[in-house]
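Count residues from 1 along the sequence. Just so you know, ligand 1 is whichever comes first in the structure, and atom 1 is the first atom listed for that ligand.
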Amino acid sequence: MKSERIDHIGIVVKSIEERLSVYRDLLKLEVTGIEELPERGLKVAFIKVGDTRIELLEPLSENSQISKFLESRGEGIHHIAFRVDDVKAAIEEAVSLELKPLSREPESGAGGTKIVFLHPKSTGGVLMELVEGHH
Ligand code: ZN
């Protein structure tokens, strides 16, 4: 696989609404969508920054994918997402390189994308997301 761009940077927040004061009101960035992903326990907002985006992640419940992160580390940068052509093939390639995808099958991401995360222990401390498809 080959990635040619950072699709987005994921940032965990307690409240999307509250943090829009920085991204929308101060930086005058465009919020291109806000979406709830109940199966991941998340509300996400996408904010366009030139060719890439910021993804704000807010937990919808106490057992969301980001609740533990928020509890132990507080708000902050959570992951970096790279655009790829084929997530399924990327998972296989990652496994063959002894990296650790968090699932063996693509999961559904925001905006109908297919995604997988790579465990930070296998990437040098960075939670990486691979994304297929446009938002
Ligand atoms: Zn993401």
Side-chain angles (χ1 to χ4, degrees):
M1 79 180 194
K2 181 176 177 185
S3 177
E4 305 210 352
R5 69 194 286 184
I6 290 178
D7 187 85
H8 62 268
I9 297 170
I11 299 177
V12 167
V13 297
K14 284 181 191 156
S15 159
I16 287 172
E17 197 48 48
E18 204 174 296
R19 294 300 168 219
L20 286 179
S21 62
V22 179
Y23 299 97
R24 182 192 59 199
D25 303 339
L26 175 68
L27 298 171
K28 311 285 188 287
L29 297 168
E30 182 193 351
V31 179
T32 55
I34 296 184
E35 188 178 341
E36 292 196 354
L37 301 171
E39 70 280 8
R40 295 171 60 202
L42 297 179
K43 183 172 169 184
V44 302
F46 278 100
I47 297 162
K48 187 174 151 55
V49 192
D51 282 343
T52 189
R53 296 174 298 165
I54 299 287
E55 177 189 52
L56 299 182
L57 304 149
E58 174 189 323
L60 284 176
S61 71
E62 279 175 13
N63 14 342
S64 78
Q65 272 188 345
I66 56 168
S67 296
K68 271 191 199 147
F69 180 94
L70 197 52
E71 236 168 69
S72 62
R73 295 166 65 174
E75 294 181 293
I77 293 181
H78 181 256
H79 63 271
I80 297 182
F82 293 89
R83 177 85 56 86
V84 299
D85 291 336
D86 182 342
V87 165
K88 190 143 174 66
I91 291 172
E92 284 166 26
E93 200 172 339
V95 169
S96 77
L97 291 168
E98 298 185 359
L99 303 170
K100 296 198 169 31
L102 297 189
S103 65
R104 287 300 179 102
E105 291 296 324
E107 294 176 49
S108 357
T113 52
K114 287 193 224 169
I115 64 166
V116 70
F117 285 96
L118 301 180
H119 196 287
K121 277 196 178 138
S122 67
T123 61
V126 178
L127 178 60
M128 281 186 192
E129 179 183 354
L130 307 176
V131 187
E132 172 188 337
H134 288 270
H135 179 249

**Prompt:** Any side-chain donor paired with an acceptor under 3.5 Å for Ser64 and Ser61?
**Reply:** no
**Ion pair check, Glu92 and Arg104, cut-off under 4.0 Å** = no
**Asked** Would you say the side chains of His78 and Glu55 form a donor-acceptor pair under 3.5 Å?
**Response** no
**Complete:** With a cut-off of 2.8 Å, strictly less than, protein N/O/S atoms near the Zn ion (ligand 1) add up to 4
**Same apolar cluster: Phe46 and Leu57, side chain cutoff 4.5 Å** = yes
**Asked** Just wondering, are more than 12 heavy atoms of other shown residues or ligands nearer than 6.0 Å to CG in Asp51?
**Response** no
**Message:** Can you confirm whether more than 12 heavy atoms, excluding those of Ile77, are under 6.0 Å from its CD1 atom?
**Reply:** no
